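Just below is one structure, and these are the notes that go with it.
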Amino acid sequence: MKVHVIINPAKSAKAPVLNILNRVFQEHGAQWDVSVTHGAGDAYRRAQEAAASGVDVVAVYGGDGTVTETASALVGAETPMAILPGGTGNVLAVEFGIPWQLHHAAALACRAAPHRVQAVDMGQVVRAGGDAPPAHEQAFMLRASTGFEAAVIEGTERTHKEQFGILAYGIAILQVLREPPAACYT
């Protein structure tokens, strides 16, 4: 089995990620390699390259944004994606019943534990207006938000996530409540 792992290094890891992955993949006889994201679009490109190279699974270590970007690249591909929870909230991992412990999630990627490969629908938001380039298209798996919720997500600071974990969203809520945004629908 060949596994390609995409890692978002912006995620604050409390565990030695590469050490854990190496141990689990060796234990299950999986060949693996890794690519690291440096900015928006990297996970998308790395996932497309990995799928085109014929890997058996693309695994992604990061939060919901990195997971969604990776999944977007695999739409229509036969290559499955495995989620290795490494974000602040890991809502997608929770919704799919993926264990939070990295070694258990990595074992699923190796098909070493009971699992089910499941096709998942994704939505796509395209900004209206004339000549909007494809860069204005955004795929989503959880929900598309405007107004208050979008302001909270955008306003949640990386340093707060690293320091306070999921409570960082509560801090952002309090900040957004001071001047709640207005959402206009046409």
Side-chain angles (χ1 to χ4, degrees), residues 5-15 17 34-51 58-77 81-102 105 120-186:
V5 182
I6 297 169
I7 295 179
N8 179 346
K11 300 302 168 190
S12 175
K14 307 265 189 277
V17 175
V34 64
S35 58
V36 176
T37 64
H38 299 286
D42 285 353
Y44 188 93
R45 284 187 296 282
R46 302 296 185 261
Q48 282 191 323
E49 292 165 0
V58 174
V60 56
Y61 177 84
D64 294 327
T66 308
V67 169
T68 299
E69 187 176 312
T70 302
S72 297
L74 297 174
V75 169
M81 179 183 76
I83 299 173
L84 306 174
T88 304
N90 299 306
V91 176
L92 284 166
V94 170
E95 294 292 327
F96 292 140
I98 295 168
W100 276 61
Q101 300 87 358
L102 181 56
V120 176
D121 291 330
M122 293 185 72
Q124 185 175 31
V125 174
V126 179
R127 290 187 187 177
D131 301 324
H136 288 89
E137 297 178 4
Q138 179 65 47
F140 63 95
M141 295 176 74
L142 290 169
R143 59 188 158 273
S145 302
T146 62
F148 182 79
E149 183 178 10
V152 168
I153 299 301
E154 287 177 6
T156 304
E157 296 181 26
R158 163 76 33 223
T159 56
H160 287 163
K161 287 182 180 183
E162 291 170 359
Q163 188 173 11
F164 304 114
I166 201 156
L167 293 177
Y169 294 107
I171 294 168
I173 287 170
L174 295 174
Q175 291 171 334
V176 171
L177 280 174
R178 288 188 293 185
E179 292 184 42
C184 298
Y185 302 94
T186 57

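Only a predicted model underlies this, so the values are computations on that prediction, with no experimental measurement involved. Because only heavy atoms are used, hydrogens play no part in the values below, and waters and symmetry mates are left out as well, while side chains stay in.
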Inset, instruction - Starting from the C-alpha separation in whole Å, work towards a yes-or-no answer on side-chain contact (heavy atoms from CB on, under 4.5 Å) for V17 and L102. - result: CA-CA 8 Å; V17 175; L102 181 56; 4.0 Å; yes
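Legend: residues meeting side-chain contact (heavy atoms from CB on, under 4.5 Å) with L167, ordered by chain and number and at least two apart, are F164. With sequence neighbours excluded, no residue forms a side chain to side chain donor-acceptor pair (under 3.5 Å) with N90. In this view, E154 satisfies the side-chain contact (heavy atoms from CB on, under 4.5 Å) rule with no residue, not counting sequence neighbours. With sequence neighbours excluded, no residue forms a ring pair (Phe, Tyr, Trp, His ring centres under 6.0 Å) with F96. By the side-chain contact (heavy atoms from CB on, under 4.5 Å) test, A43 pairs with I6, T37, T66, E69, T70, sequence neighbours left out.
Side-chain contact between T68 and L92: present, with at least one pair of heavy atoms (C-beta onward) separated by less than 4.5 Å. Side chains of V34 and Y61 form no contact here, defined as non-hydrogen atoms less than 4.5 Å apart.
Nearest approach of W100 to P85, heavy atoms of both residues: CA-CG, 4.2 Å. Annotation for A47 and L74: closest pair O-CD2, 3.8 Å, computed over non-hydrogen atoms. Across all non-hydrogen atoms, the minimal contact from R45 to A40 is NH2-O, 4.1 Å. In this structure, I83 and M81 approach most closely via the heavy-atom pair CG1-CE, 4.0 Å. Smallest separation of non-hydrogen atoms from G62 and V67: O-CG2, 4.3 Å.
Residue pairs meeting the salt bridge (charged side-chain N to carboxylate O under 4.0 Å, His left out) criterion with at least one partner in residues 83-92, sequence neighbours excluded, are absent.
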